[in-house]
Number of protein chains: 2
Amino acid sequence: MRFTKATNYALHTMLMLVDASPVKPVGVQQLAESQGVSPTYLSKILTRLVKAGMIESISGANGGYRLSRKRDDITFLDIIHAIEGTASLFECNFVHGDECLIQAVMKEAEEKMESHLKNTKLADLAQRETKV
Amino acid sequence: MRFTKATNYALHTMLMLVDASPVKPVGVQQLAESQGVSPTYLSKILTRLVKAGMIESISGANGGYRLSRKRDDITFLDIIHAIEGTASLFECNFVHGDECLIQAVMKEAEEKMESHLKNTKLADLAQRETKV
DNA sequence: CATTTAAAGACTTATTGTATCCATAATATC
DNA sequence: GATATTATGGATACAATAAGTCTTTAAATG
Ligand code: SF4
Ligand code: SF4
C-alpha cells in the first residue's frame with residue numbers, strides 16, 4: 001500500500017508545468033531529464049493526465065505539454081486519481097450490505113485523506129519550488 | 001495503491017476475536033474457514049499481530065489465538081500498521097530538505113486518514129457484526 | 001519533404017502480494 | 001512420558017502489478 005512512482009513523476013511534472021509558460025509547451029525530454037526518468041515512460045504517464053483533461057499535448061517540432069485548465073482548478077486529488085485510478089483503497093470481495101461497519105470505517109478514513117488532497121490546489125505550491 | 005487482502009483478513013479476524021471469549025482461544029482453522037482463506041496463510045498473518053503484541057497465541061491442543069490487550073486499546077490503525085508496515089505512503093528517493101512542499105501535502109493527507117483510523121477502536125464495532 | 005515530437009501498443013523485467021508445503025517447536029491431555 | 005494438537009518458520013511457487021523499454025504511427029514545423 002504505497003503510492004506508485006508514476007504518481008510521484010506526475011506530481012513533479014505538474015508542478016513544473018504550473019511554473020512554466022501557459023502558452024509555450026515543455027518537451028517531455030526536458031521534463032524527464034530533470035527527474036531522472038526515461039522520456040518514453042514519462043510520456044506514457046503524461047498521456048493519462050492528458051486524457052484526464054488536465055494538460056494538453058502538442059505534437060511536432062517545439063511541441064510538448066502545457067496546462068489546459070486554470071491552474072487554480074487542479075488539485076492533488078485530480079492528479080492522483082488520474083494516475084492511480086479512483087477505486088476504493090479497501091476492496092472486499094463480499095458485499096454484506098450497507099450495514100458493514102468495517103467498510104464504513106475504511107471508507108471514512110479514505111475520505112479524510114481525499115478531502116485534504118482535494119482542498120490542496122497545485123497553485124498553492126507554485127513558484128515556491130523550482131528545483132526538481 | 002490498495003490495502004492488501006492480508007489487512008482484510010486481519011481486520012476480520014480481530015473483529016471475531018473481540019467478540020470471542022477473552023480466555024478461551026480460537027483456533028486458526030475456525031477463523032480461516034469462516035473467511036474462506038487457508039489456515040496456514042492466515043496463521044502467517046496472525047503471527048504478525050502476535051509480534052505486534054495485540055493478540056497472543058497458545059500452542060497445543062485447544063490452542064489458538066485470543067486478545068492480549070484490552071479490547072478498547074486496539075485501533076484500526078494498530079492492525080493496519082502491523083500488517084502493512086508503518087512506512088509513509090508517499091516515498092521519494094531524494095531528500096530536498098524540510099521545505100519540500102509535495103511531501104508535506106502528502107504527509108498531511110496521510111495523517112488525516114491515520115488519525116481517523118487511530119480514533120476508531122475495534123471495540124466500537126464489536127458485537128454488532130457476528131457474521132463472517 | 002525532412003525533422004521534431006507526442007501517442008500507442010507490444011513487450012520485457014522487477015517487485016510485491018498471495019498462497020502452499022513441510023519440518024519444527026510448543027503445549028495439553030491422557 | 002507418549003501422543004495428539006496447534007502455532008511458527010523457512011523454502012518455494014504462482015499471480016498480479018509496477019516499472020520500464022522498444023518500435024511504429026501520427027501530427028506539427030519549417
Ligand atoms: S463484513 Fe464488510 S468488509 Fe467484511 S466481508 Fe462483509 S462486506 Fe466485506
Ligand atoms: S521536491 Fe520533495 S518530493 Fe520532490 S524529489 Fe524533492 S524531496 Fe522528493
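Residue numbering restarts at 1 for every chain, and letters A, B, ... go by the order of the sequence lines. These numbers come from a predicted model, not from an experiment.
Checked against D:dT8, D:dC22, C:dT20, the side chain of A:T40 finds its nearest nucleotide in D:dC22. In this structure, the nucleotide among D:dT21, C:dA28, D:dG9 sitting nearest to the side chain of B:K51 is D:dG9. Closest to the side chain of A:Y65, out of C:dA7, D:dT29, C:dT20, is C:dA7. Proximity note for A:T47 (side chain, C-beta onward) versus D:dT8, D:dG20, C:dA8: the nearest is C:dA8. For A:S59, taking side-chain heavy atoms from C-beta onward, the closest of the listed nucleotides C:dT5, C:dT20, D:dA19 is C:dT5.
OP1 or OP2 of C:dT20 lies within a sub-4.0 Å distance of a side-chain N or O belonging to B:S38. OP1 or OP2 of C:dT29 has at least one side-chain nitrogen or oxygen of B:N62 nearer than 4.0 Å.
For the pair A:R66 CZ and C:dA6 C1', the interatomic distance rounds to 14 Å; values are reported in whole Å. Atom-to-atom, CD1 of A:I45 to C1' of D:dA19 comes out at 9 Å; the value is rounded to the nearest Å. The interatomic distance linking B:Y41 (OH) with C:dT20 (P) rounds to 9 Å, in whole Å. Nucleotide D:dA19 holds its C1' atom 13 Å from the CD atom of A:E84, rounded to whole Å. Per the geometry, CD belonging to B:Q35 stands 11 Å off P belonging to C:dA19, to the nearest Å. As a whole-Å value, the separation of B:K5 NZ from C:dT18 P is 7 Å. Straight-line distance from the CG atom of A:L89 to the P atom of D:dT17: 15 Å, rounded to whole Å. Note: CZ (A:F3) to C1' (C:dT15) measures 19 Å, nearest angstrom.
A 6.0 Å sphere centred on NZ of A:K121 holds more than 12 heavy atoms belonging to other residues, nucleotides or ligands. The environment of B:E33 atom CD is sparse: at most 12 non-hydrogen atoms of other residues, nucleotides or ligands sit within 6.0 angstrom. Under a cut-off of 6.0 angstrom, the local environment of CD in B:E56 is crowded, with over 12 non-hydrogen atoms contributed by other residues, nucleotides or ligands. Other residues, nucleotides and ligands contribute more than 12 heavy atoms inside 6.0 Å of the CD atom of B:E108.
Note on A:V50 and A:Y9: same hydrophobic cluster, where clusters join Ile, Leu, Val, Met, Phe, Trp and Tyr whose side-chain heavy atoms are under 4.5 Å apart, directly or indirectly.
Across all strands, B:V28 comes closer than 4.0 Å only to sugar-phosphate atoms, never to a base (heavy-atom distances). Base contact: B:S43 has a heavy atom under 4.0 Å from a base atom. Across all strands shown, B:G60 has heavy atoms under 4.0 Å from base atoms, whether or not it also approaches the sugar-phosphate. No engagement by A:L46 is indicated, since no non-hydrogen atom pair under 4.0 Å with the nucleic acid exists.
Heavy-atom distances to DNA chain C give each of B:T7 and A:Q29 a nearest nucleotide, and the one nearer the 5′ end belongs to A:Q29. Comparing B:Y9 and A:G27, the nucleotide of DNA chain C nearest to each residue sits closer to the 5' end for A:G27.
Donor-acceptor pairing under 3.5 Å, judged by distance alone, is present between the side chain of A:K44 and the base of C:dG9.
A donor-acceptor pair is defined here as one N or O able to donate and one able to accept, closer than 3.5 Å; no such pair exists between the side chain of B:S57 and the backbone of B:Y65.
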